[in-house]
Structures are given as structure tokens and as C-alpha cells.
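Worksheet: the structure to be examined is printed underneath.
Every chain is numbered from 1, with letters handed out A, B, ... down the list of sequences.
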Amino acid sequence: MQEKTLEDYLGKPEEKPQAPETPKTGDMEAWREKIRKHMAERLAPASDLAEAYLLSATYDGDKRCAVLKFYSPSDEQLYFWYDNTGHKPYCLTSLRPEELKNIPELMAHEGLEGFEQVEKLDPLIDRRVVVTRIVARDPLAIGGRPSGCIRDIIPRWKPEDASVKVWEADIKYYENYLYDRNLEVGMPYAIREEEIIPLESRLSSSLSEVEAAFAGESPEFFEYIKNWARLLECPVPKLRYAALDIEVESPTLDRVPSPQEALYRVICASLVASDSVKRVLLLRRGVVSEGSAELPSEARVEWYDDEKELLRQLFEILTDYPIVLTFNGDDFDLRYLHHRAERLGFAREDIPIELGRESALLRLSIHLDLYRFFFNRSIQVYAFDQKYREITLQEVASSLLGLGKLGLDRDVSRLSYMELAAYCLRDSELTYQLAALDDNLVLKLIIALSRIAKMPLEDVSRQGVSNWIRSMVYSEHRRRGILIPTSKEILAEKGVTATHSIIKGKKYRGAVVIEPRAGVNFNVIVLDFSSLYPSIIKRWNLSYETVRCPHEECKRNLIPETTHWVCTKKRGLTSLLIGSLRDLRVRWYKSKAKDPSVPPEVRSWYSAVQRTLKVILNAAYGVFGAEHFVLYCPPVAEATASVGRYAIQEVIEKAQDLGIEVIYGDTDSVFLKNPSEAQIRQLIEWSKDNLGMDLDVDKVYRYTVFSTRKKNYIGVYPTGNVDIKGLTGKKRNTPEFLKKAFADMVNILSQVETEDAFFNAKEKIKGIVKECYSRLKSKEYSLEDLAFTVVLGKSLEDYEKTTPQHVKALRELSKEDQEKIGAGSVVRYVKVRKDPWVKLLSQASLEEIDVNKYVEHIQTTFEQVLDALDISFEEIIGISKLESFLNF
DNA sequence: GCGGACTGCTTACCT
DNA sequence: ACAGGTAAGCAGTCCGCG
């Protein structure tokens, strides 16, 4: 897959490192001149561009205008385009210009530029309204400063008058710019005579094919499909990018130097780039250590006597790459470089890094911090199918790239030059490989997201799914001239819910889970609604403005089991947006991503699009029930879940009418026991006709194993592959000895082909449990095998109400050691016979293990399956006890 | 003073 | 900073018990 593995870097000790070479040290002025020249060449007005992809937008505080960053594939460079349309920051208010003139504080505001009346559609009352646009000189005048912002002055004027409103005042300026000019991030443009011209670009003739596939839809809905298809059928350019990693000298072991203080020298920097460049910048500092390590032959090592010179060179290289990737560069590498450069006397303008509160951006490139991207739960779960569990470079790389771990963890300050170079280069190589993986999947996901969310690449890679959806919906409001309501306004009308949750403290009732029929069943067919919640949002016209809409005549259009009604006069915005994305995924991208007649490059893009849509669609319902979401509207979420319950219950009833036995169901799926093909057909057809929802065959199991527990089962496919859902034996925190024994049992089950074969299998399974029990009793398992592995959910001092066992184990550590352990740390502990009853793995010995406690764990782990097989745990243990007694 | 019933907290999972 | 529902283990509390 990749040309070099880590093992190639190390090992083979005798080969000589390359002869050290020292680049000429230019003075600061010459360096500045070089950068200036580079920048001049990168200005888009200076060079007309035939094809350039819009990747990012930001605000230039000096020039007081928006800047766009374009990537030109022909020369693989980034170009900058400064606004020349005179677009200005603004917000909207209900007050008329005459009224605004009565507000002295506003009129005296030095950032105030002027007023302008505009017409908008107020979606909450479904009427056109005239509002005033307050135009400002710079974004901070609208909002963002701690005091004296226009958006705060207006409501202060008549605090008692609730009808005084300010809208759209908390949108970032460059977002406003993108929305207002309908600029599409990730899409190709031509730049001619300082003008930006959208280009038509598509993957062969596929667009017309897509359109043909959706011919039956309403014209309004069809427009949405067409527009998404135009965005998603556009090819992605080949991007040039570099991955960066730095190493910093550190006086103390296992303490990461603070990037705020940047007290210690940057001793190494490395880059691995898509143009096959591998560079290592090393600081000469009288290292005596002789340890050797091998670098890849194409790696270029450069030596510096002066740290400042090293940083200058590094900044120059970074400037040359359109896209720079790091793993945790926001919090460490770039932050450290910035402060270190300051400390070394660099002028602000000579440092190409802009620090935000949580981000570190490159002024002259696009910095993507892959740590932030992989940390995103939605990306982890839906784009990467939970393939990685912990978000460290090592973990993500070893899970996704299949690289083994490498344990060269010595204090970096003590490594020899070559060891240091190899160590540093390894991390940039891993970061690079993560981006390059699967034909640049990560970058494709980010670009697909940017097209859907209308968001700069930097933001897309750092923010969460609720912000992507916010930006997508905001942009749509602007495009259609719809006023974006405030959270407060939505909540005033729509803060009510009509159902009660099962879980205490939740806001409304969610999905249903059907009580499983315990036992083993052969030939189980699983039907599920494809994208249930997005389908509901589409079909029931759900959106914050359509649920509990202002029209009297819609109030009879009630949602099952609730007091909410839905608009019958207008299609809702989110219903259109989410509905069209859903249909495109289900009816186009999902199948095309696997279609062998589609060329492989296109297929790989379709696969990225398909996953991107999955990420967005999976969250589309949840965000409306999330308090912090700008369009938070609990009735939308509640209505969605309600219709979901209604749909699955109807299907179950119909299945039973058809004489099919339903053995289980969860949210959007039903497990059917040995149905005939005709029965399945009938049920699917019935759903289409009566519910208007697509029910599909999701899985066919040779057999399933259910206990009485919900969200807990084993499903064996005809191939012998096995799904294990929710069972303790598969959970991350379960001790290894149990996981292994459990896997042995699953292996037996996977080989069972007929009901008759179960007789033998059961005996083997009893044997496995017995063996596990006796090995435990005779202390044959190692401490590691017995350890529970639990993630610390919050920092240690935040456990106030109770003291869970893993916290108890940690509290035995010294104060200093405890301080090093933060939220997200992995704790490994074992259960012991004496007082605190737990001990960290590192502090325990095999003798003190509480064997009886572990027997209980064997019991609960296996009972989840034994119950279904009608085997009793006591019986197995009884036999085992007897055997050990006889042997004794 | 102890044990059982109960609630709440925590983690990991399912859809 | 998507949602709610479920399982399991344990911590902590309350109550009865001559």
C-alpha cells in the first residue's frame, strides 16, 4: 500500500547517514523578500486562472475585506483573491432606520457605516417583512468584542420591548460573504480580470443520469436533487499537500513542553508530502549519542546551526504547500512554532501562523489538523465505522493503515541525530499516510463536506456535524431570501414537547426496542427502513418552520402520538435539504460506489460522497433535539421519533397479519423468523404503499442467538461471518481472557450450519466455559489478561458524586502521578481481594486477584449466550468443580 | 450493625 | 456540543430487623 513501513526506518543499523549539508544562511531581509515575491505571485488578480478550486475564505483585518483561497491544479499552487465588490459586514434588525437614528450609542459607533431596508421572508410567521440592514466597517463592530458591539447596543435601547430584534449578527463574516455571493467551497472557478466565474465541471455525463433517476419527484424537490448532484458530481482535483511534525527539546521526561511558553528549542522538523518530498530539518547541538537509525533513501536531511534559521526555512517550505496537515498541530506543533518564533525575535508578520483560541491556521496555506478531524465522533463512527477507538496518531494509524506499533519511546532529547530524524519523520509519514489512505479519502471527505456545508476546509475539518448542518441551512436561507430566526424566537413558539422519555432527564420519547424472543432461530431476515429518520423528515415535511406552523388550516394535520401538526401549504427547508440528500445517497451514491462499471477513480469519490452523506444524514434528526443547535426545535426531533415508532409498530402488526413471526426489532429494523419470499415482498410493498417508506432486506442470517436482553444478540451469516451486538464478551472494557474465551465460543457458533449441529456445538461451548473457569481458578491467566480497560470520562477531581472503581484505582497513585492523568486516559485495573478491591494493573500481583469476582464475570459474559442455548452456568461450573475435586 | 431493595452514577454499547 | 434506549457494575442511601 505505502512504499515505506516504519520497520524500514529503523533496524538495519550499519548503513551510513547522508553527508550533512548546510544550506546557506540568508539574512532576514533576503528571506522576507523571498516570501514577499512568493506572495505577489500568488495573488489571483496578477495571474488569471483557467481553473481554480475555492477551498477557503477568511477575513483580512488589514485590508478590511474577505479573502478567498483558490487551489489551481495546473501548477498545484494556492492563490489569494481579495474582495473587490465592496461587500461589508452587517446584521439585520426589526427597527426602522428612523428609530435607529434615535439610538445615540449606535449613531456614535465608529464602526457604523449605514442603514438599508431589505425585504425578507420571516419563516416563523410565513410572511414577507421589511427589515433594516445595519452595515458596518468591520466584523468586530457587529459582534465579537466584549463590549460596544452593534448587536448588543440595539436590544439595550429598549430592554422592555421584546419586539426589538436583531438577526444574523452571530455569523462569521467570511461565512456571510460566501452565502451572500453564493460561492461554493470545493467547486471550480475561473478567475479572469479579477472576476470569479463559476465553472461547469462534471464527471462524464453522470449528471443527466442522476436527473433521469429522479424524474418522478415534484419540481421543487427535483431542483434540490439537481443542485446537490451538480455539487457532488463535480470531480475533485489532485491536491498537493505536506504533513508536518516537529520535535522539541525537553528537560524533563514525560512532560510535554508547553506551547504557550515555548521555552525549549525546536530540534527537528520533518515533512512528508504528496510530491514525494521527505525532508528533515535538524538542529546541530553537539549531540554525542551515537545510536543509528535508517532513513528512507529519498529523505533529505538538512542541518542548521541556528534554530532561527531552521524556523525560517520551515516557514518558507510551509508557505509553498497549498495544504499542510498535522496531527494535533492546532494545540501543539503550530502553536509551539508561533510562540517559539516570537521568543526568537521574529516579527509578527514574519510568522505565517495565526493563532485562534482553539485553532492554529496558516495564513498562506490551508492547515488541516487531522487530530481534530479524527476526533469528531460522527467521522469516527459513520465515516470510519469505529475502526479506530482511541485518537492518538499511533492508534489511528495502526487501525486504519494496519501498521504495527513502534515502541521507541525514549526522551527525544537523548536520541542521536539519526534516531531523532527517523522518529520525527515517522510521525509526519504516518500523518501523511492517513491523508493518502484509500486514494486520499480523508481529503475527499473534507471536500465533500465543504461542498454540502458551504464551509471553508479549515472549518469543516475542525467543527462538528451540528455546525456543518447549521452552515448548510444558513446558506439556503440566504439563497432564498429567508430571514434566519434566532434560537429564542423558535423556542418561544416551539419549545414544547408532547411525550415523556423512558430515560429520566431526557426531553421526549425516542425509539422503540422490541422485547426479543429468546432462543436460536434459523433463517432470520432483517428488514429495515433505509435512512428512517431522514425519510420521515422528507415525507412528513418536517422542519423547524413547518412543525407547529402559523396556519390555522394545518392544525388538523397531526403527527401520530403527539399534539404537533405539520404545514400543508409549504415544503419545509430542512425537509427539502435532508430529503434530497437522503434520496441521493440511497438511490444513487450507495449503489454507484460499488458499481464495477464505474471507473475506479470515480468510484472512490462516490464512496467518499456516500460516507459523507451518511455522516450528515445520521445527525440530521439529532441536531434539532440538541439545545446548543442554532435551530434547536424539540418538536421536530420529537415528531421524527414519533413517526419512527409509528412506522415500526405498523410494520410489525402487518408482518403478524401476514403470518410472519417477528422475533426482534430496534428503531428501524424488524427481525423476521423464516419468512417466505412472498411474505417479504408483500410486507415491503405494503410499507411503500401505506407508509410511503422504503423497507429493504438489510441482512439474511443463517441463524440468530437472542437472550432476553435488548440490543444484545449474535447473528451468523451463511458465510460463517458473525455479527456480535452489545454482548459483554465484545466490549472494550472486558478483560482479555474473557474476550478470548468468548471469541472461541463465537468461532464454534460460526461453524454451526444446521439445527442438528447444535448438539455438538453446545458441548464444545460448555467445554470452553469450563476451561475458562478452571484456568482462572488455577491462576493460569496473566495479570494483563485479567485487566479491565476503562476510559476515564472526565478529569479525576470531577468525580464528586461517586467513586467508580477505575477512579478508586487511580486515587492510589501519588498526587503528581494523578495530575498527569486527564480525561480520555485509559485505565487498566484488576479486582483484588482486599480493601479498595481494585488495583492498577501496574501495582497488582497475581496472588491478590479476587477469583470469585472474576467467576461472576465469566458468568455474566457467557450467560448472555447460554440463556439462549438453554445451558445453565451453574451446571457447567458444578461439573467443573466436581472434576477438579476428583483430580485432586 | 447488617443486608436487601432501591436509586443514581458511570461506561460502553445499539439504532 | 446530533438524539434516546439498554445493559452491567458499583456507590450510596434508606429501611427493617426484637
Side-chain angles (χ1 to χ4, degrees), chain A residues 358 375-379 381-382 386 389 462-470 497 499-516 526 528-534 578 615-634 636-642 644-645 648 664-671 698 707-713 723-734 788-794 798-809 823-824 826-827 831 836-838 853 856-857 859-861 863-864:
Chain A
E358 281 171 327
F375 191 81
N376 185 314
R377 269 298 281 174
S378 302
I379 292 296
V381 176
Y382 301 118
Q386 301 230 54
R389 301 285 184 121
R462 286 170 175 78
Q463 299 190 338
V465 65
S466 65
N467 269 315
W468 302 334
I469 293 175
R470 169 192 61 85
T497 51
T499 58
H500 291 285
S501 62
I502 293 174
I503 306 171
K504 246 189 195 168
K506 301 288 184 185
K507 287 164 290 199
Y508 59 88
R509 173 147 308 191
V512 275
V513 187
I514 307 301
E515 202 76 54
V526 183
D528 77 344
F529 289 110
S530 46
S531 294
L532 175 68
Y533 289 168
I578 298 302
V615 170
I616 301 244
L617 293 171
N618 270 311
Y621 137 81
V623 291
F624 285 103
E627 270 149 276
H628 60 85
F629 182 55
V630 281
L631 302 172
Y632 174 51
C633 186
V636 170
E638 184 177 34
T640 311
S642 258
R645 292 194 301 275
I648 190 176
Y664 181 62
D666 186 347
T667 312
D668 61 355
S669 66
V670 282
F671 288 56
D698 180 31
S707 67
T708 55
R709 299 159 187 83
K710 296 170 175 182
K711 297 183 189 281
N712 246 273
Y713 63 87
D723 277 343
I724 305 162
K725 298 290 183 185
L727 299 175
T728 303
K730 203 195 80 168
K731 288 197 179 184
R732 202 167 58 194
N733 52 356
T734 299
F788 292 82
T789 310
V790 178
V791 176
L792 194 63
K794 48 193 178 184
D798 292 343
Y799 290 88
E800 283 166 341
K801 289 162 183 150
T802 57
T803 311
Q805 294 209 313
H806 59 297
V807 176
K808 223 178 235 179
V826 177
V827 188
K831 302 195 178 183
W837 311 110
V838 285
K853 245 288 87 41
E856 285 175 29
H857 283 282
Q859 178 161 9
T860 47
T861 302
E863 257 178 2
Q864 294 174 348

Quiz prompt | Nucleotide nearest A:Ile502 (side chain, heavy atoms from C-beta), chosen from B:dT11, C:dG5, B:dT15 | solution = C:dG5
Exercise. Provide, to the nearest angstrom, the distance between the OH atom belonging to A:Tyr533 and the P atom belonging to B:dT15.
Key: 13 Å
Quiz item: Please give, in whole Å, the distance from C:dA8 P to A:Gln805 CD?
Solution: 17 Å
Quiz item: Can you tell me if the side-chain N/O atoms of A:Lys504 get under 4.0 Å from OP1 or OP2 in C:dG5?
Solution: no
Exercise. Provide, to the nearest angstrom, the distance between the OH atom belonging to A:Tyr382 and the P atom belonging to B:dC14.
Key: 11 Å
Quiz item: Of the nucleotides C:dG4, C:dG9, C:dG12, which one has an atom closest to the side chain of A:Lys507?
Solution: C:dG4
Self-check item: Proximity to the side chain of A:Pro804 - top-ranked nucleotide from C:dG4, B:dT10, C:dA7
Solution: B:dT10
Practice problem: Would you indicate which nucleotide in C:dG5, B:dT11, C:dC2 comes nearest to any side-chain atom of A:His628? | Solution: C:dC2
Exercise. Verify the ring-centre separation between A:His500 and A:Tyr508: is it less than 6.0 angstrom?
Key: no
Self-check item: Listed nucleotide nearest any side-chain atom of A:Tyr799, set B:dT11, C:dC2, B:dA12
Solution: B:dT11
Self-check item: Nearest-neighbour nucleotide for the A:Asn712 side chain, B:dC14, C:dA7, C:dG12 considered
Solution: C:dA7
Quiz item: Closer to the 5' end of DNA chain B via nearest nucleotide, is it A:Lys711 or A:Val807?
Solution: A:Val807
